[in-house]
Amino acid sequence: MRATTEVEDLLRRHAPQVLGALVRRYGHFDAAEDAVQEALLAAAGQWPAKGVPDNPRGWLIKVASRRLVDTLRAEEARRLREEKAAALTPRDAFTAPPPGADRAPSEDDTLSLLFLCCHPALSPAAQIALTLRAVGGLTTAEIARAYLVPEATMAQRISRAKQRIRGTGLGRPDHWEQRLPAVLHTLYLIFNEGYTATSGTTLRRAELAREAIRLTRTVRRLLPEDGEVAGLLALMLLTDARRAARTGPHGELVPLDEQDRTRWDGAEIEEGVALVTGALALGPAGPYVLRAAIAAVHDEAPSPEATDWTEILGLYDLLVRQVPGPVERLNRAVAVAMVHGPRAALAELDRLEGESDAGHRLDAVRGHLLERAGDPDAAREAYASAAARTLSLPERRYLEVRAARLRA
């Protein structure tokens, strides 16, 4: 079992490099991606029994290149263009190096693949699906299960995404710095869905959270001086550090102020705090750095009562100036309640009425504030409204329990 897991980790780490090599040489992103998946399947079937080759990346490139060339030749044969297919024979650069030689591509293509998968012509849902498939190495079935859609639906989504970017070359696009926020936003969405699933019977989808952290670590290695990349990784680590304490023995949701902090992951907190501290030293803090700083204040507090809510409110004041979205303003309202009282925060919520992006959380926070303000009947109605609107079973049960307790 351990050998199989190690092989899977190795394959997932090399998959973007192999795909990048094929796309750079041949183009044909969709065909190249299929060829890489076939090579990965072949490796997964052979390596656990026969052993990992001396140069696994070279082996994968060689096998995938052969599969891709076979595919392209077949297509060209049907079009009576055998001469063009013959020109696509792999060059020496795509053959496995001698045993013991660890020849890497001239540059790491992972970031280039992320830019390609987060092409502005694609919708956010398509960007996420293509990123998880092409860069994350997840199968279509795994992605479909994670997002609770039929495999055929996810396959169509990925296929349409490939068609939209057909002909787009691999490499960092012009003005790539302007595209980096889309890459980070995609990784952020993947992590959020993994950490707090928007629907389904479980609160967390661990595979998505892990994959988002892994991919963000990769981007961090490629762009070590970018503060927002460091901030996003710090935010993920500081948030993920609480995973063990977020649910009870039956999978029920445990709110932050009731969690057993001894179960938080100290190593992740230490790494996250170091990352956000370094990012703050680089210059003006961006949204991910500010979010990470807020998470760090929570994680470093030894108890809920020791949390520095004044500092958190100040950080939210800075955040909403940069990202005045309903979720950010809703979270700021919670900080307002902790500093200035629930009535002041309820006034903030009134300004968010009609903001559909806040979803059921607007009623959930309203119920919490009304309960603190001493209005149990109104709080119960707000909790019930939130429970009716959420698609997450653990969240619904939690909200129903809160409402039932007030009814008692």
Side-chain angles (χ1 to χ4, degrees), residues 191-206 209 235-236 238-265 268-269 291 294-309 312-313 315-316 327-339 341-342 345-346 348-349 352 358-376 378-408:
F191 176 80
N192 284 344
E193 181 62 27
Y195 188 73
T196 304
T198 54
S199 59
T201 59
T202 60
L203 187 65
R204 183 172 182 266
R205 291 174 185 149
L235 174 62
M236 291 180 180
L238 291 165
T239 305
D240 188 65
R242 310 171 198 148
R243 65 188 181 279
R246 291 183 68 227
T247 54
H250 304 293
E252 66 273 19
L253 185 153
V254 180
L256 181 63
D257 59 351
E258 298 177 16
Q259 291 177 14
D260 179 0
R261 300 188 177 212
T262 63
R263 300 182 64 195
W264 289 0
D265 190 322
E268 280 194 316
I269 292 174
R291 292 185 181 105
I294 293 168
V297 176
H298 281 295
D299 286 12
E300 290 188 303
S303 66
E305 296 77 20
T307 303
D308 190 342
W309 283 102
I312 290 175
L313 179 56
L315 290 168
Y316 270 122
V327 174
E328 289 73 20
R329 290 154 58 200
L330 184 61
N331 290 336
R332 179 185 175 276
V334 175
V336 169
M338 301 305 293
V339 176
L346 285 167
E348 297 282 338
L349 293 193
L352 284 171
H360 72 282
R361 291 196 64 231
L362 179 59
D363 282 334
V365 172
R366 187 186 302 280
H368 173 69
L369 296 177
L370 288 167
E371 183 178 358
R372 288 192 59 207
D375 192 344
R380 184 174 65 250
E381 291 181 6
Y383 282 138
S385 175
R389 296 175 64 189
T390 182
L391 299 178
S392 167
L393 185 58
E395 287 190 338
R396 181 185 307 158
R397 288 173 175 167
Y398 169 77
L399 293 165
E400 288 173 346
V401 167
R402 302 285 295 200
R405 185 180 63 184
L406 291 175
R407 185 179 300 112

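Keep in mind that what you see is a predicted model, and the values were worked out from it rather than measured. Just so you know, these numbers use all the heavy atoms, side chains as well, and skip hydrogens, waters and symmetry mates.
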Checklist entry - Can you name the nearest heavy-atom pair linking Pro342 to Leu369, along with the distance? => result CB-O, 3.5 Å

Next on the checklist: Run the side-chain hydrogen bond (donor to acceptor under 3.5 Å, both in side chains) test against Glu305 and tell me which residues pass, sequence neighbours left out.
Outcome noted: Ser303

Next on the checklist: Using the rule given for side chain to side chain contact (heavy atoms under 4.5 Å, CB included), can you reason through Val334 versus Val365, listing the C-alpha separation, both sets of side-chain angles and the distance that settles it, and then say yes or no?
Outcome noted: CA-CA 8 Å; Val334 175; Val365 172; 3.9 Å; yes

Checklist entry - Do Leu352 and Leu330 come within less than 4.5 Å of each other through their side chains, counting heavy atoms only? => result yes

Checklist entry - Rounded to the nearest 0.5 Å, how far apart are CE of Met338 and CZ of Arg372? => result 5.0 Å

Checklist entry - Which residue pairs pass the salt bridge (Lys or Arg N to Asp or Glu O under 4.0 Å) test when at least one of the two sits in residues 247-262, sequence neighbours left out? => result Glu258-Arg402

Item to check | Value rounded to 0.5 Å, distance of CD1 in Ile294 from CG in Asn331 | outcome: 8.0 Å

Checklist outcome for this item: Tightest non-hydrogen contact, residues Pro394 and Leu203, listed as CG-N, 3.6 Å

Item to check | For Ala244, all residues meeting side chain to side chain contact (heavy atoms under 4.5 Å, CB included), sequence neighbours excluded | outcome: Arg263

Item to check | Residue pair Ser392 / Ala197: nearest heavy atoms and the distance that separates them | outcome: CB-O, 3.8 Å

Item to check | His368 and Tyr383: CA distance, side-chain angles, deciding distance, side chain to side chain contact (heavy atoms under 4.5 Å, CB included) verdict | outcome: CA-CA 8 Å; His368 173 69; Tyr383 282 138; 3.8 Å; yes

Next on the checklist: Going by ring pair (Phe, Tyr, Trp, His ring centres under 6.0 Å), name the residues that satisfy it together with Tyr398, two or more places apart in sequence or in a different chain.
Outcome noted: none

Item to check | OG1 on Thr247 to CZ on Arg204, rounded to 0.5 Å | outcome: 9.0 Å

Next on the checklist: Run the ring pair (Phe, Tyr, Trp, His ring centres under 6.0 Å) test against Phe191 and tell me which residues pass, sequence neighbours left out.
Outcome noted: Tyr195

Item to check | Minimum heavy-atom distance between Ala386 and Ala364, given as atom pair plus value | outcome: CB-N, 3.6 Å

Checklist entry - Roughly how far, to the nearest 0.5 Å, is the CZ atom of Arg205 from the OG1 atom of Thr196? => result 10.5 Å

Item to check | Contacts of type side-chain hydrogen bond (donor to acceptor under 3.5 Å, both in side chains), residue Trp309, not counting sequence neighbours | outcome: none

Next on the checklist: Testing the basics here: between Ala387 and Glu400, what is the closest heavy-atom pair and its distance to 0.1 Å?
Outcome noted: CB-CG, 3.8 Å

Checklist entry - At what distance, to the nearest 0.5 angstrom, does CZ of Arg366 lie from OG of Ser385? => result 9.5 Å

Checklist outcome for this item: Sorted by chain and residue number, the side-chain hydrogen bond (donor to acceptor under 3.5 Å, both in side chains) partners of Glu268 (sequence neighbours excluded) come out as Arg243

Checklist outcome for this item: Asp375 meets the side-chain hydrogen bond (donor to acceptor under 3.5 Å, both in side chains) criterion, sequence neighbours left out, with none

Next on the checklist: According to side chain to side chain contact (heavy atoms under 4.5 Å, CB included), who are the partners of Gln259, at least two apart in sequence or on a separate chain?
Outcome noted: Arg242, Ala245, Arg246, Val254, Leu256, Trp264

Item to check | Under the side chain to side chain contact (heavy atoms under 4.5 Å, CB included) test, residues paired with Leu393 that sit two or more places apart | outcome: Thr201, Arg396, Arg397

Checklist outcome for this item: The salt bridge (charged side-chain N to carboxylate O under 4.0 Å, His left out) partners of Glu328 (sequence neighbours excluded) come to Arg291

Checklist entry - Between Ala333 and Ala345, which heavy-atom pair has the shortest distance, and what is it? => result O-CB, 3.2 Å

Checklist entry - Going from CG on Asp363 to OG1 on Thr390, what distance comes out if it is rounded to the nearest 0.5 angstrom? => result 11.5 Å

Item to check | Derivation and outcome, side chain to side chain contact (heavy atoms under 4.5 Å, CB included), residues Ile312 and His298 | outcome: CA-CA 9 Å; Ile312 290 175; His298 281 295; 3.5 Å; yes

Checklist outcome for this item: Contacts of Pro376 meeting side chain to side chain contact (heavy atoms under 4.5 Å, CB included) (sequence neighbours excluded), chain-then-number -> Leu406

Checklist entry - Counting only N and O atoms by type, is there a donor-acceptor contact under 3.5 Å from the side chain of Glu193 to the main-chain atoms of Thr198? => result yes

